[in-house]
Undergrad: 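This is the structure I want to talk about, given as structure tokens.
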Amino acid sequence: MPNHWRTWALDYGLYVVFALLLLILSQMSPYFFTVSNLLNIGSQVAMIAVVAIGMTMVILMGEIDLSVGSVAALAGAITAGLIHALPSEWPMGLWLAFSITTGMLIGIVAGLVNGLFVVWGGIPSFIVTLGALSIGRGLVLLYTGGRPIFGFGDAFGKISWGHLGPVPLPIVIMLSLYLLAWLFLCKTQLGRYIYAIGANKEAVELAGVNYRRIKIGIFALAGAFSGLAGIMLTARLDSAQPTAAVGWELDVIAAVVLGGASLYGGRGTVAKTLVGAFILQLISNGLNLLEVQAYWQQIAKGSIILAALLVERILRGRR
Amino acid sequence: MKTSDQIPSAPLAEIRGISKRFGGVVALDQVNLTIRPGEVIGLVGDNGAGKSTLIKILSGAYLPDQGEILFEGQSVQIRNPRSSKDLGIETVYQDLALVDTLDVPGNIFLGREIVKFGFGPLRVLDKSQMAREAENILQRLGISLESLQAEVGLLSGGQRQSVAISRAILTEPKLIILDEPTAALAVMEVGHVLELVHNLREHNIGLVFISHVLQEVFEVADRIVVLRKGRKVADLVKEEASIDLVVNYMVGKIEEKKTHA
């Protein structure tokens, strides 16, 4: 295959697959291309997509974060618990803001701890965040006593059920964060260092840049995204489940990798991660429309991810 | 520049009696070396002769156990890579220390990006300015690359070396250390890099050129310094040296003789 075809396929293949999926799904079901179905897909994908922003940055640095689901659940549960503990002298709105901020801070602290263990502890992020996955889930179970916390009223639910004009708020949140992340990664010095750290951190260090601080900061930022997504999930379900967000890490990593980011670091974009997240959601949606049994859906999803990576591998050659 | 051959200018750097031990191993033993501006020093020696230790002391990776370094007549302490750079010493490492996934200007300006404006830690890159200045530097060095937007990972070894050298001269340093700049190159490309070294000398920069290939050293160096087992065993003006002579010093067939330091 000529070289420029390969390059083209690597650069745009993902969008072609996305377009094909839209085409196939619209042929399969008359309901697919309705505004309400598309907005619904957008709202469903928003949480995974938000977490995937942080994951993209972590993977760009050549690291991984397996703790995102547990951190999301912890942030969601603590926010939920706080909302229920509304002190009588506080106005509702202010207390909600405080609860949500605290939930996000929990995410940031968790990410910070991950980053410190990876950078100063010198432990591979795979192991650190595997530990954090387990500890985080344990904390969620302890905090909730294994029982869901539910019922928060309409104001909090707006995070996931409100609209800005015709557009559901989760979609607004997701798209604005993607825009900011894109500007950050493509236009700023720090964004450039994130790529450079993943590709050759020794070169970054010899250039006089303190890459350790950047790494810790990005783990913390990824924690913030997980925290936010956990709060969105709690608002969407009007309940913080002890088993909320179990397995998110797999969906999120799948979205990032499907978007073409290299697990070795230094290569990938948030725009493609977003497309990756949508493709996964569309596959679920399509299989639902086809009334495929849930067990088969899992098998299909996994196979598609493996096939996509194999194709990419072949296109890239041995590099 | 021509006059610098006849009238010795004031030394740029003087290394006096530098020693370095690693445990029981003496890596450098009382080494003296003088580097003048516009002069290329070919530093040669067998593996383990102390070449890398010496340049790592100059680039701030190691601290010497003994001895003194004078830079432009002042006694200096080179404690880390930053303080070496601050003095005006740039090192082009053997593995080049390039970021393969960044483009050419991205690599040349790594760590010293030009920014348009910033909000706290968020600084917005001025990519077009960096591209223009990168082009200028490449032109000044007589380097032509097809596209500056190419990822440097896709460039040839010689082109990568050019980028690494451009990166080194960005800050207009006074001394450049080239550690085996031709080691990973195709034969065709070696000539380009040697030409580049010639061009650098025209800028009145002091150069230390390390190589295993004596032909190359003879092609670019004004003086040839031979290290053997951590000692300086010869310091020869190129005209009075020959490859055979240098090899004999390197392998110890001729013992150390006192030469001008």
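Lettering of chains follows the sequences in order, A, B, ..., and the numbering in each one begins at 1.
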Undergrad: Just checking A:Tyr12: does its OH atom have more than 12 heavy atoms from other residues, nucleotides or ligands closer to it than 6.0 angstrom?
TA: no

Undergrad: Is it true that the side chains of B:Tyr93 and A:Glu202 contain a donor and an acceptor less than 3.5 Å apart?
TA: no

Undergrad: Measure B:Leu102 against the heavy atoms of chain A and call it side chain, backbone, both or neither at under 4.5 Å.
TA: side chain

Undergrad: Enter the distance from B:Lys85:NZ to A:Leu206:CG here, rounded to the nearest 0.5 Å.
TA: 7.0 Å

Undergrad: Output the distance between atom CD (A:Gln189) and atom CG (B:Leu110), rounded to the nearest 0.5 Å.
TA: 9.5 Å

Undergrad: Counting C-beta onward and ignoring hydrogens, is there a side-chain heavy-atom pair between A:Tyr195 and B:Val99 closer than 4.5 Å?
TA: no

Undergrad: Which distance, rounded to the nearest 0.5 Å, do you find between the CZ of A:Phe184 and the CG of B:Leu122?
TA: 6.0 Å

Undergrad: Closest approach of B:Ala97 and A:Ala203, non-hydrogen atoms and distance?
TA: O-CB, 3.2 Å

Undergrad: Got a second to check how far B:Glu113's CD is from A:Thr188's OG1, nearest 0.5 Å?
TA: 10.0 Å

Undergrad: With side chains defined as the heavy atoms from C-beta onward, is the minimum distance between A:Lys187 and B:Arg123 less than 4.5 Å?
TA: no

Undergrad: Contact between A:Arg192 and B:Leu125 at the side-chain level, heavy atoms closer than 4.5 Å - yes or no?
TA: yes

Undergrad: Quick check: closest heavy atoms across B:Arg82 and A:Gly208, and the distance to 0.1 Å?
TA: NH1-CA, 3.5 Å

Undergrad: Which heavy atom in B:Pro121 sits nearest to a heavy atom in A:Leu190, and how many Å separate them?
TA: O-CD1, 3.6 Å

